[in-house]
Number of protein chains: 2
Amino acid sequence: MESLKPFATGTRVPRLRTAFQRCSMTETHDLQMVGERTGEEKTSKIIVTSPLQSLRRNLQIMATQFKERQPTRDDGRLKTVTLKDIAKVAGVTSMTVSRVMKGEGYVAPATRETVLRIAKELNYSANLAGRALKTGRTGAIAIISGDLTQPYCANIVCLLEAQLTASGYQMRLLHTRGELRDLINATNATAVDGVIIAGLHDLVEEFRALDRHIMQPCIYMGITKSSSGDYIYSNLSPAVEEAVELMVAAGRQRIAYVGVGVVGETLSVFDTEVRTRAYLSVMNREGRVPELIGASPTYDVSGLERVRILKEYFQEHGCPDGLLCVNDDIAIQTYRALMDLGYRIPQDVLLVGCDGLPIMEYFEPPLSTIAQPMEEICARAWQFLQARIANPDIPLQTTSFDAKLVVRRSLAS
Amino acid sequence: MESLKPFATGTRVPRLRTAFQRCSMTETHDLQMVGERTGEEKTSKIIVTSPLQSLRRNLQIMATQFKERQPTRDDGRLKTVTLKDIAKVAGVTSMTVSRVMKGEGYVAPATRETVLRIAKELNYSANLAGRALKTGRTGAIAIISGDLTQPYCANIVCLLEAQLTASGYQMRLLHTRGELRDLINATNATAVDGVIIAGLHDLVEEFRALDRHIMQPCIYMGITKSSSGDYIYSNLSPAVEEAVELMVAAGRQRIAYVGVGVVGETLSVFDTEVRTRAYLSVMNREGRVPELIGASPTYDVSGLERVRILKEYFQEHGCPDGLLCVNDDIAIQTYRALMDLGYRIPQDVLLVGCDGLPIMEYFEPPLSTIAQPMEEICARAWQFLQARIANPDIPLQTTSFDAKLVVRRSLAS
DNA sequence: TTGTACGCGTTATCAA
DNA sequence: TTGATAACGCGTACAA
């Protein structure tokens with residue numbers, strides 16, 4: 001490791017300690033571009049120092065696609081290229097062009113080629129509004145999801161987006177912080193061919209009570225079943241039970257469940273779901289005393305406030321030696337509370353979350369979690385929805401997937 | 001703390017250790033619903049044990065909104081209620097109904113009331129395709145964002161969604177893992193009134209080279225400026241310099257920068273941006289030797305692979321005593337690498353990330369970061385876009401916001 | 001204050 | 001293999 005001198009900003013970096021000194025990727029390209037209408041020529045130099053292949057491929061695209069912006073019409077609206085424009089240039093009718101574009105019906109090969117060339121030159125792209133008006137299909141799917149800032153929801157949206165895009169559909173993301181009624185109305189006002197409801201763990205029950213008002217085919221993804229519509233069910237129970245049994249096997253005495261809701265004479269509705277039931281069931285089977293901890297009275301409480309609540313609880317009641325959290329968010333908040341109070345994981349407390357967030361692995365110690373097979377679930381949801389759209393009268397479609405316990409150091413004593 | 005007996009699943013929980021034992025929220029509601037066409041009556045009991053007020057409000061909605069699904073037409077398409085349907089019932093023309101719905105033009109109060117009542121009864125919602133076709137406005141905005149599984153992007157999308165929704169616009173989320181060309185094409189094919197480009201840190205330069213092909217008004221949000229279009233600029237330099245100066249003041253000798261890209265004779269394009277420049281500049285000013293560490297040759301490398309690369313680097317070259325990371329993701333990956341190798345933060349290494357992700361605060365020790373004022377940035381972006389849509393010919397709109405260093409324990413020696 | 005006529009861009013249908 | 005026609009639902013322009 002040689003010693004280096006300081007240098008001014010903007011100068012080349014001489015020699016640095018570096019993990020990647022294998023190759024210098026610098027290349028210079030002369031990029032020639034010709035405007036289609038004006039015939040104007042442009043040349044610009046581009047220096048590529050990037051290993052990302054797509055950049056190099058894009059140089060070609062830039063060269064071939066260079067074109068001026070379309071002129072605007074007198075009324076200020078952008079003049080877009082329509083089927084008729086292409087038809088006029090090609091000397092055919094818009095119907096022929098339509099057939100070529102859709103790839104359906106009989107068109108003479110020569111005609112097809114001409115039309116395609118012109119369409120490309122004019123940079124044609126179909127007006128979806130016109131098509132939707134005629135066909136009644138918008139080629140879009142609404143996704144109703146929970147708060148995207150929850151990585152769990154973001155992940156679902158991402159996976160679904162990949163699915164839809166692959167099938168040539170677009171995604172409309174719906175999400176409201178307000179009344180569910182607004183969400184339902186928004187859904188109906190949104191021109192889509194179908195709806196997927198996902199990641200609304202806390203609201204799904206309420207939502208389902210209103211979903212008769214959604215006019216489009218509708219698929220549920222989640223941890224509750226439905227009697228009225230297609231759904232994908234995530235079965236968390238086996239993994240929850242496995243986690244508790246691991247804690248028992250590790251000799252832990254006081255195994256508690258951290259959830260959302262008010263714990264009173266009756267469990268809060270928020271927690272009368274599958275995870276809580278599984279926890280209570282296995283605790284009963286093991287002859288243990290259940291302990292329910294409310295980290296947050298409702299879902300709309302900030303993370304730091306939950307940390308405060310949990311610290312208060314642990315200070316007042318002492319800390320259990322095994323903690324099962326309703327989701328990874330709360331597991332992370334519990335982690336923070338435990339750290340603040342000086343507890344050690346896993347020596348003093350075992351900790352496990354639920355959702356399978358990748359971030360869990362990065363904490364010290366790495367945090368265990370219960371993971372759902374999200375890729376498969378999302379793929380299946382899209383499959384169900386496509387089938388339902390194609391034929392609204394097919395019988396009820398349902399599947400369930402088992403979640404899997406991911407054991408990391410936070411669960412290994 | 002009394003001792004408790006186990007109980008069977010599904011029974012009431014007798015008495016539990018609990019943080020919230022204040023109140024039992026159980027209420028029972030009889031819900032009466034009447035079908036509008038059939039006159040059929042339904043009653044169901046709902047038990048509310050939730051503190052979430054919206055649930056209670058929704059009971060009323062359910063009662064008033066109950067309605068059967070619309071019948072389907074012979075051709076299978078869902079029969080939707082149109083302006084004409086309402087007009088027929090109300091004994092007016094569709095134009096009158098249109099005026100009422102848009103709230104524009106003169107309509108007699110009595111007529112308006114009748115129309116509104118009927119529209120509500122028929123559960124009318126406007127066909128966006130028809131409106132878009134006529135007006136050329138879709139009421140939708142495309143957001144081109146990076147990978148939503150990056151919390152940074154998810155946050156932006158969330159904030160923008162709130163902005164758009166508040167203005168009565170819808171959001172179309174565009175994102176491709178493939179060629180940028182596809183993304184551009186998708187943008188044009190998507191019927192939207194405008195585009196916001198955000199969170200494409202790694203690709204924004206490439207993208208900008210192609211953005212002439214985007215037909216709609218377009219706003220950039222990011223850490224690079226543009227000469228050709230409206231943009232919001234996040235100025236990270238002052239905060240980066242502040243972080244380095246803090247490390248210097250703390251007596252740290254070897255202050256390195258962890259970024260993405262290949263470090264060779266020339267810095268990779270990925271890292272020839274504002275953060276790297278600010279780092280190099282302040283190191284130069286302080287008379288220090290810069291050290292650039294490539295955690296990942298390109299952006300599409302998995303987090304765990306980056307951890308591996310970083311560990312390899314630290315094992316080979318030893319560990320710097322101050323680390324500045326290009327973003328929070330990489331800061332978290334660096335954290336994991338340091339933990340695996342037994343380094344202590346902040347005793348052995350000071351660590352700071354960049355993005356202002358909330359999750360940073362939950363690590364032990366809490367990790368410092370550089371935060372952009374995202375709410376303001378997103379609000380401004382939407383403001384710019386609205387202005388540009390209203391009048392495409394207004395002069396270039398630009399603003400810049402300074403990022404702020406958030407000092408936590410990882411930066412306090 | 002309300003109505004008539006027309007066209008936005010596309011495609012289904014039928015005719016040639 | 002291609003063309004003519006009509007219609008999808010809405011809103012602008014103008015007439016009454």
Side-chain angles (χ1 to χ4, degrees), chain A residues 70 72-88 90-115 119 122-140 188-191 193 215, chain B residues 70 72-88 90-115 119 122-140 188-191 193 215:
Chain A
Q70 306 282 346
T72 54
R73 282 200 295 227
D74 26 326
D75 64 349
R77 272 176 63 177
L78 215 61
K79 182 185 175 343
T80 54
V81 180
T82 68
L83 289 180
K84 216 185 267 178
D85 295 326
I86 298 177
K88 196 155 46 177
V92 293
T93 43
S94 56
M95 257 326 289
T96 304
V97 182
S98 172
R99 278 189 269 258
V100 171
M101 287 316 184
K102 289 203 53 173
E104 292 172 4
Y106 301 99
V107 182
T111 316
R112 149 166 286 117
E113 206 171 323
T114 313
V115 167
L122 296 182
N123 204 15
Y124 170 77
S125 80
N127 180 319
L128 296 183
R131 177 176 296 168
L133 190 57
K134 183 59 190 170
T135 63
R137 293 285 190 90
T138 61
N188 284 328
T190 305
D193 300 335
M215 308 309 294
Chain B
Q70 306 284 343
T72 54
R73 282 200 297 225
D74 24 327
D75 63 349
R77 271 177 63 176
L78 217 58
K79 184 188 175 340
T80 53
V81 181
T82 69
L83 289 180
K84 213 186 270 182
D85 295 326
I86 299 177
K88 196 155 48 177
V92 294
T93 39
S94 57
M95 259 325 293
T96 305
V97 181
S98 172
R99 278 188 269 258
V100 171
M101 286 315 179
K102 290 204 51 171
E104 292 172 4
Y106 302 99
V107 181
T111 315
R112 149 167 283 117
E113 205 170 325
T114 312
V115 168
L122 295 182
N123 204 15
Y124 171 77
S125 80
N127 180 320
L128 295 184
R131 175 179 296 166
L133 193 56
K134 181 62 188 170
T135 62
R137 294 285 189 91
T138 60
N188 284 327
T190 304
D193 299 336
M215 309 308 295

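Below, read A as the first sequence line, B as the second, and so on, with proteins coming before strands; counting in each chain starts at 1. The model shown is predicted, which means the values in this text are computed figures rather than measured ones.
- Put simply, B:Tyr124 has a side-chain N or O that comes within less than 4.0 Å of OP1 or OP2 on D:dC10.
- The side chain of A:Thr82 contributes no N or O atom lying less than 4.0 Å from OP1 or OP2 of C:dG9.
- Regarding A:Asn127, its CG atom lies at a distance of 16 Å from the P atom of D:dG9, rounded to whole Å.
- Both B:Ala129 and B:Met95 lie near DNA chain D, and the one whose nearest nucleotide falls closer to the 5' end is B:Ala129.
- Within 4.0 Å of A:Lys84, counting heavy atoms only, lies no atom of the nucleic acid at all.
- Straight-line distance from the CG atom of B:Asp85 to the P atom of D:dG9: 8 Å, rounded to whole Å.
- In this view, B:Thr114 and B:Arg117, B:Ile118 satisfy the side-chain contact (heavy atoms from CB on, under 4.5 Å) rule, not counting sequence neighbours.
- Put simply, CZ on B:Arg137 is 24 Å from P on D:dG9, counting in whole angstrom units.
- Between A:Leu128 atom CG and C:dC8 atom C1' the separation is 14 Å, expressed in whole Å.
- B:Thr111 places none of its side-chain heavy atoms less than 4.5 Å from the side chain of B:Val100.
- Taking side-chain N and O atoms only, A:Ser98 has a distance below 4.0 Å to OP1 or OP2 of C:dT11.
- Under 3.5 Å, the side chain of A:Arg99 and the base of D:dG3 form at least one donor-acceptor pair of N or O atoms.
- For C:dG3, the OP1/OP2 oxygens have a side-chain nitrogen or oxygen of B:Thr96 closer than 4.0 Å.
- Note on A:Arg131: every side-chain N or O is 4.0 Å or more away from OP1 and OP2 of C:dG9.
- Within 4.0 Å (heavy atoms only), A:Thr111 reaches sugar-phosphate atoms of the nucleic acid but no base atom.
- Atom NZ in A:Lys134 sits roughly 6 Å away from atom C1' in D:dC8 (whole-Å rounding).
- Ranking D:dT12, D:dC10, C:dG9 by closeness to the B:Lys102 side chain, first place goes to D:dT12.
- Looking only at side-chain heavy atoms (C-beta outward), A:Asn127 and B:Leu133 come within less than 4.5 Å of each other.
- Remark: P of C:dG9 and CG of A:Leu83 are 10 Å apart, rounded to the nearest angstrom.
- Using a 4.5 Å cut-off on side-chain heavy atoms (C-beta onward), B:Leu128 and B:Thr138 make no contact.
- For B:Gly130 and A:Ser94, each mapped to the nucleotide of DNA chain C holding its nearest heavy atom, the one lying further toward the 5' end belongs to B:Gly130.
- At least one side-chain heavy atom of A:Met95 sits under 4.5 Å from a side-chain heavy atom of A:Arg99.
- Following rounding to the nearest Å, B:Leu133 (CG) and D:dT12 (P) show an atom-to-atom distance of 13 Å.
- If you measure from atom OH of A:Tyr106 to atom C1' of C:dA16, you get 17 Å, rounded to the nearest angstrom.
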